[in-house]
Amino acid sequence: MTPLIVALDYADRESALAMAARLDPGQCRLKVGKELFTRCGPRIVQELQGQGFQVFLDLKFHDIPATVAGACRAAADLGVWMMNIHAAGGREMMLRARDALGNYQNPPLLIAVTVLTSLQETDLRETGVDDEPVGQVLRLARLAADCAMDGVVASAQEAMLLRREVPTLLRVTPGIRPLGTAQGDQQRIVSPSLALAQGADYLVVGRPITAAQDPAQALAAITAEITQAMAKQLPTQ
Ligand code: C5P
């Protein structure tokens, strides 16, 4: 199955479903984030699943352990394929989240968010973190691995370091731009093939596909690039 996850960053159900209808569930999974979910509720997830898509529920839970555990069960009951929580919620919160998924036959992949890429060193210091972002990313990733998380959200720049330092964690990587497409508001961007080479396991791609004139064609082009890149990574027989 493809590593591609298309971010459905829409404010209404119709736009999200219309975009999904133009995409092939054999070529991508879909990410539902806070805006779409808050507007449309669990039903949008069910509708997308009904169209044959596996869904990454990107709600980044961060609360007291019992509340996060309950929210994780709710996501698992919804049948999502991947979900995420903030590693900054701490050990007990992550352990309870992991435990909450223990009784499901096909639990969602449980991904930890380390440091949001929107935060700089000065932002961290203001919140009492006396370290550079990369140090805090590593600290939280190690804690996430210790709490049996399945993976982390990581920029392509962090992916290589994380693959070396915390190899058990999958790396879910946003900020992807195929060559020749608009950068948008992403600061540090890499191509799909470079992200895979740097250690990404899953690629989150939004506007390069959803804002393309022909989203299906954009998806097919990225899929072709990924297929080539992955073939190169396979050891020769
Ligand atoms: O349109 P674009 O490809 O920039 O969308 C990327 C998606 O990944 C968005 O849904 C965005 O919220 C998410 N994301 C990100 N950067 C992060 C974490 C998540 O762009 N560091």
Side-chain angles (χ1 to χ4, degrees), residues 2-12 15-16 19-20 22-23 27-40 44-45 48 53-62 80-88 109 111-121 123-124 133-134 136-138 140-141 144 149 151-162 169-196 198-213 215 218-219 221-223 225-226:
T2 172
L4 212 46
I5 304 171
V6 177
L8 282 189
D9 291 320
Y10 291 106
D12 65 276
S15 307
M19 178 52 61
R22 300 177 75 168
L23 302 174
Q27 288 195 339
C28 66
R29 297 179 172 93
L30 299 178
K31 180 169 88 69
V32 171
K34 286 189 169 97
E35 183 180 16
L36 186 61
F37 189 83
T38 303
R39 289 199 180 274
C40 302
I44 188 69
V45 173
L48 294 168
F53 290 97
Q54 292 188 312
V55 172
F56 169 18
L57 189 63
D58 179 19
L59 298 182
K60 301 186 181 71
F61 295 135
H62 186 172
V80 302
W81 160 76
M82 177 182 277
M83 61 176 297
N84 55 10
I85 62 179
H86 270 283
L109 288 169
I111 303 299
V113 177
T114 58
V115 179
L116 295 172
T117 46
S118 51
L119 297 178
Q120 320 260 329
E121 189 167 346
D123 300 304
L124 290 188
V134 67
Q136 181 69 350
V137 166
L138 267 182
L140 290 173
M149 297 297 101
V152 278
V153 180
S155 69
Q157 283 81 3
E158 296 161 359
M160 217 176 223
L161 178 70
L162 288 168
L169 294 174
L170 295 167
R171 292 156 298 269
V172 180
T173 302
I176 305 294
R177 290 292 177 271
L179 298 173
T181 55
Q183 182 167 346
D185 52 10
Q186 295 283 8
Q187 297 301 319
R188 292 174 299 166
I189 52 167
V190 299
S191 68
S193 37
L194 183 58
L196 290 171
Q198 292 190 328
D201 294 286
Y202 293 103
L203 307 177
V204 177
V205 185
R207 289 158 293 180
I209 290 173
T210 57
Q213 226 166 24
L219 174 59
I222 297 179
T223 301
E225 183 185 333
I226 287 173

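Quantities reported herein were computed from a predicted structural model and do not represent experimental measurements. Counting starts at 1 for both ligands and their atoms, in listed order.
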Just verifying a value: how many Å separate Leu170 CG and Met82 CE, rounded to the nearest 0.5 Å?
6.5 Å
Tell me whether Pro208 reaches ligand 1 (any heavy atom closer than 4.0 angstrom to a ligand atom).
yes
With a cut-off of 4.0 Å, which atoms of ligand 1 are near a heavy atom of Ala7?
7 (C), 10 (O)
How far apart are the C-alpha atoms of Lys31 and Val6, what are their side-chain angles, what is the distance that settles it, and do they pass the side-chain contact (heavy atoms from CB on, under 4.5 Å) test?
CA-CA 6 Å; Lys31 180 169 88 69; Val6 177; over 6 Å; no
Under 30°, 30 to 60°, or over 60°: which ring-plane class applies to Tyr202 and Trp81, parallel, tilted or perpendicular?
perpendicular
Name of the residue among Asp58, Thr117, Val115, Val113 meeting side chain to side chain contact (heavy atoms under 4.5 Å, CB included) with Val153:
Val113
Checking Leu116, Ile111, Ile85 against Lys60 for side chain to side chain contact (heavy atoms under 4.5 Å, CB included), the one that qualifies is Leu116
At a 4.0 Å threshold, what atoms of ligand 1 neighbour a non-hydrogen atom of Asp9?
9 (C), 10 (O)
Counting from 1, what ligand 1 atoms have a heavy atom of Thr117 closer than 4.0 Å?
16 (N), 17 (C), 21 (N)
Output the distance between atom CD1 (Ile176) and atom CG (Leu203), rounded to the nearest 0.5 Å.
4.5 Å
Which residue and atom name correspond to the protein heavy atom nearest atom 6 (C) of ligand 1, and how close is it?
Gln186 NE2, 3.8 Å
Using a 4.0 Å cutoff against the non-hydrogen atoms of Val204, which atoms of ligand 1 qualify?
7 (C), 8 (O)
Taking the minimum heavy-atom distance to atom 17 (C) of ligand 1, which of Pro174, Gly206, Gly175, Ser155 ranks first?
Pro174
CD of Glu225 to CG of Leu194: how many Å apart, nearest 0.5 Å?
9.5 Å
Enumerated ligand 1 atoms positioned under 4.0 Å from heavy atoms of Arg207:
1 (O), 2 (P), 3 (O), 4 (O)
So is there a nitrogen or oxygen of Lys31 less than 3.5 Å from a nitrogen or oxygen in ligand 1?
yes
Where ligand 1 meets Arg177 - atom numbers and elements under 4.0 angstrom, heavy-atom basis
1 (O), 2 (P), 3 (O), 4 (O)
